[in-house]
Amino acid sequence: MKPLLTILLTFILSGACIFQDYKVQRENMVSQQIEARGIDHKATLAAMRKVERHLFVPPEVRKFSYDDTALPIGLGQTISQPFIVATMTQLLNPQPSDRVLEIGTGSGYQAAVLAGIVKEVYTIEIVTELGERSKELLERQGYRNVKVIIGDGYKGLKEKAPFDGIIVTAAPEEIPPPLIEQLKEGGRMVIPVGAPRAVQTLMLVEKRKGKIVKKHVTEVRFVPFTREKQ
Ligand code: SAH
């Protein structure tokens, strides 16, 4: 009985340690990789301190969850580098009453970060298996204000438009016109634009009095924006 109790206790304690360890790593990630590089949007920082990034990556790369890098999530896709998630979220300037559209659910991590800030998140994923996996993961973690839709995000989500913010996490060669249409007056879109497997430009697109104002922000590297077989 006694050895069994010891084994059980060790098991529980090591589990608690790993949990604690991830919490420390997450705090370090936010302070050293994100705040230290100038991100100061309070809601973004708070959300990234809270969302458990290690639950959004496959077990084989879990120990790198809080590293300063993108990671593979299977099916040829990646979860973005934490600093890029923070940069894009800050640029979007999300507000508590906002409805936001994300194109490229991937792991569901960016959607979870946004869910902690805004009222509603709609996120579209073109790879069925990834979309289903992330939908289940987000539900299991209790994110009730995220809706995962499987389909081609090029078309946006007309029935829920217009959106206060649109965030695109795969890189098209041109900004899809339906997404510009579905942006609310005064709304913001954050999108990487450029050729596949090249360096792309992260752009901030604003709709002001019906006019489209585009700003180049920085260079990034994202997975390609794909299209449904026509
Ligand atoms: N935001 C994600 C990053 C995922 S990588 C995260 O936090 O993990 C980009 C994702 O965009 C991939 O999963 C890819 O399958 C998806 N994607 C590419 N083209 C798409 C399209 N046309 N519509 C919807 N999703 C697309």
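Each ligand, and each atom within it, is numbered from 1 in the order the structure gives.
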Honestly curious: do Val121 and Leu55 fall in one hydrophobic cluster under the side-chain, below-4.5 Å linking rule?
-> yes
Lys207 bridged to Glu185 by N-O distance under 4.0 Å = no
Does Arg53 make a cation-pi contact with Tyr66 (under 6.0 Å, within 45 degrees of the axis)?
-> no
N/O to N/O under 3.5 Å, ligand 1 against protein:
residue	atom	partner	partner atom	Å
ligand 1	1 (N)	Glu102	OE2	2.9
ligand 1	1 (N)	Gly104	O	3.0
ligand 1	1 (N)	Thr169	OG1	3.1
ligand 1	7 (O)	Gln110	N	3.1
ligand 1	8 (O)	Ser107	N	3.1
ligand 1	8 (O)	Ser107	OG	2.6
ligand 1	13 (O)	Glu125	OE1	2.7
ligand 1	13 (O)	Glu125	OE2	3.4
ligand 1	15 (O)	Glu125	OE2	2.6
ligand 1	19 (N)	Thr226	N	2.9
ligand 1	19 (N)	Thr226	OG1	3.3
ligand 1	22 (N)	Asp152	OD1	2.9
ligand 1	22 (N)	Thr226	O	2.7
ligand 1	23 (N)	Gly153	N	2.8
ligand 1	25 (N)	Ile126	N	3.2

State plainly whether the residues Arg140 and Glu136 are in salt-bridge range, i.e. N to O under 4.0 Å.
-> yes
Between Ile39 and Phe83, the two heavy atoms sitting closest are CG1-CE1, 3.9 Å
Main-chain N/O of Phe163 paired with Arg99 side-chain donor or acceptor, under 3.5 Å | no
